[in-house]
Amino acid sequence: MTTPSFIPGLELSYRFYLEAVRSLLEEAAPGVRHSAARLGGGSEVLGFDTARSADHEWGPRLQIFLRSQDVTRHGERITALLSERLPKTFRGYPTHFAPVGEAGIRVMQTTDGPVHHRVEVTDPGAWFTAQLGFDPRSGITLTDWLATPTQLLAEVTAGAVFHDGLGQLAPARANLDWYPHDLWRYLLACQWQRISQEEAFVGRCGEVGDELGSAVVAARLVRDLMRLCLLMDRRYPPYSKWLGSAFARTPQATALTPVLTEALAATDWHTREHHLTRAYEAVAATHNQLGLTDPVDPATRPFHTRPFQVLHAERFTAALRNRITDPDISSLPPIGTADQFVDSTDVLSHPELTRAATHGLLSS
């Protein structure tokens, strides 16, 4: 089969809905209101797909949302009609997805029989609950926000809605658009706290001759700074595969990328620390520009009496926490969301925080 010219996945799915799916949907369930979108997992949802993405779980695919009673009444018929009547290929891409031997993984393949398509017919409540563990149409609790990985929030708020005949996708996604303001302050505070925990370790590891350990700590700090910049820019940080791609879209990336790259490329801790301190000061200046707290001195300084240059990032943590007025948020330990606390030094060093975090995140 000739490889077709690459079409970004969201555009391919939109055309697929307009030109192939919608008419069959109307034939199978005439007059039934629906919404159509491409949300959830997949590089195309976040806008990072390339021709390489077509090797698995990528192609002409989307979700069709119906009211729950209409899923019960029409869902099987819609799915079957699409299987029988969808074109075998669309814009050069097969519409049939075949298993490849790995659990649940499917790839586009040509077929002469019925199409095993990737048009999911579901209702909004069931879909959101399956993706997130809760239905944002009926409100979002503090536990929901804290327990949901930012990758999942990114997948649900990114992508594209092609048609919202139910009128439910837009308000649900608006509810998830970003954290409540005090919670945002809290998560920024927790991200600064992560940096404060390890910023002196770059020098301490290097001082005892452990340049590898120093480099590992520096890489962790670079990751945390990138995630902090995304949070500052009100963007949900994606998981590691796309973190750099997402960071590149932030306002800070142009200035910070060469500095962070130099920190990672350094072969001695003094050079590593030098570039990291430049990065700390730049991100600290961005914090002050947000106006979320009174200005905090962005200059780096010695780590107590030790010869390591640090920001003392806990100063930013304290400034942010001092501005939180919601008592439920202000009383939380400084460990953040599921993404932030899983390898937090605070959690690893204090078992009582592990218990508190687990209880807080798993209780409703």
Side-chain angles (χ1 to χ4, degrees), residues 150 184-185 187-207 210-240 242-293 295-304 306-320 334 336 339-340 343-346:
T150 52
W184 181 32
R185 282 194 176 102
L187 299 182
L188 289 170
C190 293
Q191 196 64 22
W192 280 116
Q193 182 76 3
R194 287 182 58 90
I195 292 167
S196 77
Q197 294 164 356
E198 296 194 82
E199 56 182 331
F201 295 172
V202 172
R204 182 61 175 137
C205 290
E207 186 182 53
D210 182 11
E211 290 291 358
L212 177 60
S214 174
V216 170
V217 173
R220 285 171 56 86
L221 287 163
V222 167
R223 181 190 66 174
D224 279 337
L225 285 168
M226 293 166 66
R227 290 177 61 87
L228 178 57
C229 288
L230 284 157
L231 289 171
M232 285 180 165
D233 200 36
R234 298 170 62 93
R235 298 171 185 254
Y236 293 119
Y239 76 127
S240 57
W242 303 121
L243 180 60
S245 298
F247 172 73
R249 297 179 178 180
T250 66
Q252 301 95 323
T254 299
L256 276 180
T257 296
V259 179
L260 297 177
T261 301
E262 290 290 343
L264 292 175
T267 57
D268 66 275
W269 74 265
H270 292 285
T271 305
R272 205 172 287 128
E273 180 186 85
H274 168 71
H275 292 297
L276 282 171
T277 55
R278 291 173 57 203
Y280 298 149
E281 291 182 347
V283 179
T286 299
H287 165 87
N288 287 332
Q289 292 167 7
L290 291 175
L292 294 173
T293 70
V296 181
D297 184 357
T300 56
R301 61 213 55 211
F303 183 67
H304 305 295
R306 295 186 175 187
F308 313 131
Q309 196 74 1
V310 299
L311 182 65
H312 275 297
E314 70 276 4
R315 297 178 299 122
F316 295 81
T317 299
L320 285 157
D339 303 88
Q340 293 174 309
D343 63 349
S344 163
T345 300
D346 277 345

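- The structure places CZ of Arg227 at 12.0 Å from CG of Leu188, a figure rounded to the nearest 0.5 Å.
- Note: Arg185 CZ to Leu320 CG = 7.5 Å, rounded to the nearest 0.5 Å.
- Of the N and O atoms on the side chains of Thr293 and His287, at least one donor lies less than 3.5 Å from an acceptor on the other residue.
- Considering every non-hydrogen atom in both Cys190 and Gln340, the closest pair reads CB-OE1, 3.8 Å.
- Under the ring pair (Phe, Tyr, Trp, His ring centres under 6.0 Å) criterion, Tyr236 pairs with Trp178, Tyr179, not counting sequence neighbours.
- Between Ala282 and Leu256, the shortest heavy-atom distance links the atoms CB-CD2, 3.9 Å.
- The backbone N or O of Pro251 sits nowhere less than 3.5 Å from a side-chain atom of Asp233 that would complete a donor-acceptor pair.
- Going from atom NE2 of His274 over to atom CG of Asp268 covers 11.0 Å, rounded to the nearest 0.5 Å.
- Ion pairing between a basic and an acidic side chain is recognised when a charged N comes within 4.0 Å of a carboxylate O; Arg272 and Glu262 show no such pairing.
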Passes side chain to side chain contact (heavy atoms under 4.5 Å, CB included), Glu199 versus Glu314? Steps please.
-> CA-CA 11 Å; Glu199 56 182 331; Glu314 70 276 4; 4.2 Å; yes
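- Taking CG from Leu187 and CH2 from Trp192, the interatomic distance works out to 14.5 Å, rounded to the nearest 0.5 Å.
- Counting only distance, with no hydrogens or angles, the side chain of Thr317 and the backbone of Ala189 share a donor-acceptor pair below 3.5 Å.
- Among all heavy-atom pairs drawn from Val259 and Ala279, the shortest one is CG1-N, 4.0 Å.
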Show your reasoning for whether side chain to side chain contact (heavy atoms under 4.5 Å, CB included) applies to Gln197 and Arg220.
-> CA-CA 11 Å; Gln197 294 164 356; Arg220 285 171 56 86; over 6 Å; no
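- Panel note: side chain Glu273, backbone Phe308; no donor-acceptor pair is recorded below 3.5 Å.
- Judged by distance alone, the side chains of Thr267 and Glu211 never bring a donor and an acceptor atom under 3.5 Å apart.
- Scanning both residues, Trp184 and Leu231, for their nearest heavy atoms gives NE1-O, 2.9 Å.
- A heavy-atom distance below 4.5 Å is found between the side chains of Leu230 and Pro238.
- Remark: the backbone N or O of Phe303 is not paired with any side-chain donor or acceptor of Gln309 at under 3.5 angstrom.
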Derivation and outcome, side chain to side chain contact (heavy atoms under 4.5 Å, CB included), residues Arg223 and Leu243 | CA-CA 8 Å; Arg223 181 190 66 174; Leu243 180 60; 3.6 Å; yes
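- Without hydrogens or angle criteria, Arg235 side chain to Arg249 main chain gives a donor-acceptor distance under 3.5 Å.
- In this pair, His312 and His304 present their aromatic rings perpendicular. The plane angle is above 60°, beyond the 30 to 60° band.
- Judged purely by atom type and a 3.5 angstrom limit, Asp339 uses its side chain to pair as donor or acceptor with the backbone of Thr150.
- At distances below 3.5 Å, at least one donor-acceptor pair connects side-chain atoms of Arg315 with backbone N or O atoms of Leu311.
- Smallest separation of non-hydrogen atoms from Cys229 and Val283: SG-CG2, 3.9 Å.
- For the atom pair CG of Leu292 and CZ of Phe316, the computed distance is 12.5 Å after rounding to the nearest 0.5 Å.
- A donor-acceptor pair under 3.5 Å is formed between the side chain of Glu281 and the backbone N or O of Thr300.
- In this structure, CG in Leu264 is found 7.0 Å from CG in Leu260, a value given to the nearest 0.5 Å.
- Of the possible polar contacts, none joining the Thr257 side chain to the Thr254 backbone as a donor-acceptor pair under 3.5 Å is found.
- In this structure a side-chain-to-backbone donor-acceptor pair under 3.5 Å is missing from Arg234 to Met232.
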Starting from the C-alpha separation in whole Å, work towards a yes-or-no answer on side chain to side chain contact (heavy atoms under 4.5 Å, CB included) for Leu221 and Tyr280.
-> CA-CA 10 Å; Leu221 287 163; Tyr280 298 149; 3.4 Å; yes
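- Between Ser214 and Trp269 the shortest heavy-atom distance is OG-CB, 3.6 Å.
- Arg301 is listed as a side-chain neighbour of Asp297, based on a closest heavy-atom distance under 4.5 Å.
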